[in-house]
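Here's the structure we're looking at; comments come further down.
Note that these values count all heavy atoms, side chains included, but never hydrogens, waters or copies made by symmetry. This chain uses plain numbering: 1 for the first residue, then up along the sequence.
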Amino acid sequence: MKTANGNTSVMDMFEKGKVLKICAPMVRYSKLAFRSLVRKYHCDICFTPMIVAADFLRSIKARDSEFTTNERDRPLIVQFAAHDAQTLADAACAVAPFSDGVDLNCGCPQRWAMSAGYGACLINKPELVKDMVRQVRNQVDNPNYTASIKIRIHKDLRQTVDLCQKAESAGVSWITVHGRTTEERHQPVHYDAIKTVKDSVSIPVIANGDIKYLRDVDSTHQLTGVDGVMAARGLLANPAMFAGYEETPLQCIWDWVDISIEQGTPFTCFHHHLIYMLERVSSQPERKVFNSLSSTSAVIDYLQNTYGSVHDLGT
């Protein structure tokens, strides 16, 4: 579905009974090449990595390095870190012709982000979040352009519900809930908290946290009633996860090689993605050899010799 033409909206994708499958914003990783790959394997919507809105507006270099897209990269949500409404609105206006919505990061727990007033500290500033959402809605000249937020939960869920209801009153399009508090990292996801948020608003809610296999999409929907699920690490380990594969299929690995070569993906990024993809399907000695490779040609030779080409699959 191509949007960004002003006639259709990402919101049209939310249908009763359908659970949208979404690629999370991932610093360094959810860039154009990786988004191109997961879209081949049943990913409905992709997010850019988090971009600091003030830097984006200040520097042409930042804009060129942080935001790359093409006409097939749809639907696309651009995620920004910001702590004032006008900066976020200006950034949204800058990317609106090339995307389908912006998302305000209210969930990043990293110390640098919180100390700069970005990320998860915003969950304690509901009036500011409300103003930021409202300004994006008012200033982007496209009624179908979405403004969403991605949050973590509070220890006291009443605060989370209050934040979400205030954002809804400001016209937020949907809310993604990472079912952990700011302090939690690898603890179990609080599905009950996500359900509480879903039950307290009338806009779509997306669940985030511990989506590793396609079956987790269904189980999370059953537990929470959400309208979509967002995966990060699960997609890094297996970009074909949403298509039902238990581990990265060989076709997907070679698709990544083709896309990376076509788009000129830097070697470090190209290699890192393959390290994640091969983790479940390779032995420790194999990983040691693969991780030490230092050129694209060496990687391709290794893949050919170890796993064979796609033609060997009989496709």
Checklist line | Rounded distance (nearest 0.5 Å) linking atom CD of Gln139 with atom CZ of Arg134 | finding: 12.5 Å
Notebook entry, point to check: Is the shortest side-chain N to carboxylate O distance from Arg58 to Asp55 below 4.0 Å?
Noted result: yes
Notebook entry, point to check: Any Lys/Arg nitrogen of Asp162 or Arg158 sitting under 4.0 Å from an Asp/Glu carboxylate oxygen of the other?
Noted result: no
Notebook entry, point to check: What pairs with Lys212 under side chain to side chain donor-acceptor pair (under 3.5 Å), at least two apart in sequence or on another chain?
Noted result: none
Note to self: Tell me whether the rings of Phe34 and Trp256 are parallel (<30°), tilted (30 to 60°) or perpendicular (>60°).
What the structure shows: perpendicular
Item checked: Ile151 reachable from Val27 in the ILVMFWY side-chain graph, under 4.5 Å edges -> no
In residues 107-114, what donor-acceptor pairs under 3.5 Å come from side-chain atoms, sequence neighbours left out?
residue	atom	partner	partner atom	Å
Gln110	OE1	Trp112	NE1	2.8

Item checked: Closest heavy-atom pair and its distance - Ala298, Leu293 -> O-CD1, 3.9 Å
Next item on the list: Would you mind reporting whether Met132 and Thr87 have side-chain heavy atoms less than 4.5 Å apart?
Entry: no
Next item on the list: Consider only side-chain heavy atoms of I, L, V, M, F, W and Y, link residues closer than 4.5 Å, and tell whether Ile175 and Leu223 are in one cluster.
Entry: yes
Note to self: My understanding is that only one of Val189, Thr220, Val229 makes a side chain to side chain contact (heavy atoms under 4.5 Å, CB included) with Asp210; could you say which?
What the structure shows: Val189
Next item on the list: Side-chain contact test, heavy atoms from C-beta onward, threshold under 4.5 Å: evaluate it for Glu279 versus Arg287 and give yes or no.
Entry: yes
Note to self: Looking at every heavy atom in both Asn142 and Asn144, which two are closest together, and how far apart are they?
What the structure shows: OD1-N, 2.9 Å
Margin query: For Leu76 and Thr48: C-alpha separation, side-chain torsions, deciding distance, then whether side chain to side chain contact (heavy atoms under 4.5 Å, CB included) applies.
Written below: CA-CA 7 Å; Leu76 179 65; Thr48 67; 3.9 Å; yes
Ignoring hydrogens and angles, write down the donor-acceptor pairs under 3.5 Å from the side chains of residues 36-43, residues two or more places apart or on other chains.
residue	atom	partner	partner atom	Å
Ser36	OG	Leu32	O	2.8
Ser36	OG	Gln263	NE2	3.2
Arg39	NE	Asp73	OD1	3.2
Arg39	NH1	Arg74	O	2.8
Arg39	NH1	Pro75	O	3.2
Arg39	NH2	Asp73	OD1	2.9
Arg39	NH2	Pro75	O	3.0
Tyr41	OH	Cys252	N	3.4
Tyr41	OH	Asp255	OD2	2.7

Checklist line | Side chain Asn208, main chain Met230, donor-acceptor under 3.5 Å | finding: yes
Check: Between His221 and Val226, is there a donor-acceptor pair closer than 3.5 Å when you use the side chain of the first and the backbone of the second?
Finding: yes
Margin query: Could you report the tightest heavy-atom contact between Ile211 and Met241, atom names first, then the distance?
Written below: O-SD, 3.7 Å
Check: CG of Leu104 to CG of Leu88: how many Å apart, nearest 0.5 Å?
Finding: 5.5 Å
Item checked: Heavy-atom side-chain contact between Val281 and Thr248 under 4.5 Å -> no
Next item on the list: For the residue pair Ile123 and Thr160, establish whether any side-chain heavy-atom pair is separated by less than 4.5 Å.
Entry: no
Next item on the list: Taking all non-hydrogen atoms of both residues into account, name the closest pair between Val133 and Ala167 and its distance.
Entry: CG1-O, 4.4 Å
Margin query: For Lys150 and Asn105: C-alpha separation, side-chain torsions, deciding distance, then whether side chain to side chain contact (heavy atoms under 4.5 Å, CB included) applies.
Written below: CA-CA 5 Å; Lys150 184 173 188 289; Asn105 186 312; 5.8 Å; no
Note to self: Can you give me the closest heavy-atom contact between Met50 and Ala81, atom names plus distance?
What the structure shows: SD-CB, 3.7 Å
Next item on the list: Verify, without hydrogens or angle tests, whether Arg185 (side chain) and Thr182 (backbone) share a donor-acceptor contact under 3.5 angstrom.
Entry: yes
Note to self: Using modelled atom types and a 3.5 Å cut-off, is there a donor and acceptor pairing between side-chain atoms of Arg35 and backbone atoms of Cys23?
What the structure shows: no
Notebook entry, point to check: Counting heavy atoms not belonging to Asp141, are there more than 12 under 6.0 Å from its CG?
Noted result: no
Checklist line | Residue pairs fulfilling side chain to side chain donor-acceptor pair (under 3.5 Å) with at least one residue in residues 223-238, sequence neighbours excluded | finding: Lys198-Asp227
Next item on the list: Could you tell me the separation between the CD atom of Gln86 and the CG atom of Asp131, rounded to the nearest 0.5 Å?
Entry: 9.5 Å
Check: What do the steps show when you test Gln79 against Val102 for side chain to side chain contact (heavy atoms under 4.5 Å, CB included), and what is the final call?
Finding: CA-CA 6 Å; Gln79 190 188 65; Val102 291; over 6 Å; no
Checklist line | Same cluster (ILVMFWY, side-chain, under 4.5 Å), Ile153 and Val161 | finding: no
Margin query: Test of understanding: with side chain to side chain donor-acceptor pair (under 3.5 Å), list the residues that count as partners of Asn124, not counting sequence neighbours.
Written below: His154
Margin query: Among residues at least two apart in sequence or on other chains, which ones pass ring pair (Phe, Tyr, Trp, His ring centres under 6.0 Å) with His271?
Written below: Phe267, Phe290
Next item on the list: Is it possible for you to say whether Phe47 and Val52 belong to one hydrophobic cluster, with membership spreading through side-chain heavy-atom contacts below 4.5 Å?
Entry: no
Next item on the list: Give a yes or no on whether Met13 and Ile22 share a hydrophobic cluster (residues Ile, Leu, Val, Met, Phe, Trp, Tyr; joining criterion: side-chain heavy atoms under 4.5 Å apart).
Entry: yes
Item checked: Side chain proximity check, Gln165 to Pro126, heavy atoms < 4.5 angstrom -> no
Checklist line | Spacing of CD1 belonging to Ile77 relative to OH belonging to Tyr145, to within rounding of 0.5 Å | finding: 7.0 Å
Note to self: When you measure from the side chain of Ser292 to the backbone of Val289, do you find a donor-acceptor pair of N or O atoms at a distance under 3.5 Å?
What the structure shows: yes
Next item on the list: Kindly check if the number of other-residue, nucleotide or ligand heavy atoms within 6.0 Å of OH (Tyr191) is above 12?
Entry: yes
Check: Between Glu183 and Lys155, is the closest basic N to carboxylate O distance under 4.0 Å?
Finding: yes
Notebook entry, point to check: Do Leu122 and Tyr118 have side chains that get closer than 4.5 Å, going by heavy atoms?
Noted result: no
Check: Between atom CZ of Arg152 and atom CG of Leu163, what is the distance when rounded to the nearest 0.5 Å?
Finding: 14.5 Å
Notebook entry, point to check: Tell me, do Thr196 and Asp199 make a side-chain contact under 4.5 Å, heavy atoms counted?
Noted result: no
Next item on the list: Give a yes or no answer on whether the side chain of Ser309 reaches the backbone of Gln304 with a donor-acceptor pair at less than 3.5 Å.
Entry: no
Margin query: Please verify the inter-ring angle class for Phe14 with Trp174; under 30° counts as parallel, over 60° as perpendicular, anything in between as tilted.
Written below: tilted
Next item on the list: Given side chain to side chain contact (heavy atoms under 4.5 Å, CB included), test Val172 with Val129 step by step and report yes or no.
Entry: CA-CA 10 Å; Val172 80; Val129 170; over 6 Å; no
Item checked: Side-chain heavy-atom pair Thr68, Phe98 within 4.5 angstrom cut-off -> no
Item checked: Donor-acceptor side-chain pairing of Arg137 and Ser173 below 3.5 angstrom -> yes
Next item on the list: Nearest 0.5 Å please: distance from the CG atom of Leu250 over to the CG atom of Leu303.
Entry: 8.5 Å
Notebook entry, point to check: If you look at every heavy atom in Ala92 and Phe80, which pair is closest and at what distance?
Noted result: N-CE1, 4.2 Å
